[in-house]
Amino acid sequence: EDKVVQSPLSLVVHEGDTVTLNCSYEVTNFRSLLWYKQEKKAPTFLFMLTSSGIEKKSGRLSSILDKKELFSILNITATQTGDSAIYLCALIIQGAQKLVFGQGTRLTINP
Amino acid sequence: EAQVTQNPRYLITVTGKKLTVTCSQNMNHEYMSWYRQDPGLGLRQIYYSMNVEVTDKGDVPEGYKVSRKEKRNFPLILESPSPNQTSLYFCASSFTGGNEQFFGPGTRLTVL
């Protein structure tokens, strides 16, 4: 069974800290790994990773995929209160075109 | 504005009363999908559609039906809702099944 596991499930830090969110998976064949941010509403797209070892970056957020060790990380530097959200990791399953999500990491940034 | 819309946004109903949640996108996307989100379980895919008249089951299809008669619309039908279908539902779309998906605003459904 395809499985995506995120850790930690919950994280509370102070503004300005750097955080690393983890996504590991047990999926035999996937096209891409996606990261989403979900605040009080719909998930919004952050990154799509297809190749191992290539970092994607957008402002203070960055992400990388390791296909050998079967995980991805999402880094947020100099966190701000507006980064408080649930961060979701998902895999697009090859062939079936299904999307399998992890449980999400609830990140809280305290001022 | 490019968007995915869902209606209604909130719905309280009773067991057994058929309901439909509509989903529409204006981006000419081929791929559309429905998810439910429950605490501790994350987002789980109910049904998806690769194109018009092509639909397939996701991980939790029991108790749901879908149809894709037009490219822009992908309604979710609950023929006989039960309390365990109380959840937050999201519709999403993408150019193809291999691209990032854009989500609608969500429909919060309560079945009493």
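To find a chain, count down the sequence lines: A is the first, B the second, and so on, and within it residues start at 1. Since the model is a prediction, treat every value here as computed from it, not as a measurement.
Residues B/F90 and A/K41 share a closest heavy-atom pair of CZ-O, 3.9 Å. Scanning both residues, B/G104 and A/A42, for their nearest heavy atoms gives O-CB, 2.9 Å.
By the 4.5 Å heavy-atom criterion applied to side chains, A/Y36 and B/F103 are counted as neighbours.
Your options are A/G102, A/P43, A/S32, and the one with the most heavy-atom pairs under 4.5 Å with chain B is A/P43. Counting heavy-atom pairs closer than 4.5 Å to chain B, the top residue among A/V4, A/L88, A/I92, A/L9 is A/I92.
Enclosure of atom CZ in A/R60 by more than 12 non-hydrogen atoms of other residues, nucleotides or ligands within 6.0 angstrom is indicated. Under a cut-off of 6.0 angstrom, the local environment of CZ in A/R106 is sparse, with at most 12 non-hydrogen atoms contributed by other residues, nucleotides or ligands. In the displayed structure, B/I12 atom CD1 is contacted under 6.0 Å by at most 12 heavy atoms of other residues, nucleotides or ligands. Taking a 6.0 Å sphere around NZ of A/K3, one finds it holds 12 or fewer heavy atoms contributed by other residues, nucleotides or ligands.
Remark: B/D38 CG to A/Q103 CD distance equals 13.5 Å, nearest 0.5 Å. For the atom pair CZ (A/F101) and CG (B/L41), the distance works out to 14.0 Å, reported to the nearest 0.5 Å. To the nearest 0.5 Å, atoms CG (A/L99) and OH (B/Y48) are separated by 11.0 Å. The line from NZ of A/K98 to CG of B/D59 is 3.5 Å long, rounded to the nearest 0.5 Å.
Linking ILVMFWY residues whenever their side-chain heavy atoms come closer than 4.5 Å, directly or via other members, leaves A/F45 and B/V4 in distinct clusters. Note on B/F102 and B/Y31: separate hydrophobic clusters, where clusters join Ile, Leu, Val, Met, Phe, Trp and Tyr whose side-chain heavy atoms are under 4.5 Å apart, directly or indirectly. No single ILVMFWY cluster, assembled from side-chain heavy atoms under 4.5 Å apart, contains both B/V21 and B/Y35. Residues A/L91 and A/I73 are members of separate hydrophobic clusters, defined by side-chain heavy-atom contacts under 4.5 angstrom among Ile, Leu, Val, Met, Phe, Trp and Tyr.
With a 4.5 angstrom heavy-atom cutoff, B/Q101 touches chain A via backbone and side-chain atoms both. Interface residue A/Q38: only side-chain heavy atoms are found under 4.5 Å from chain B.
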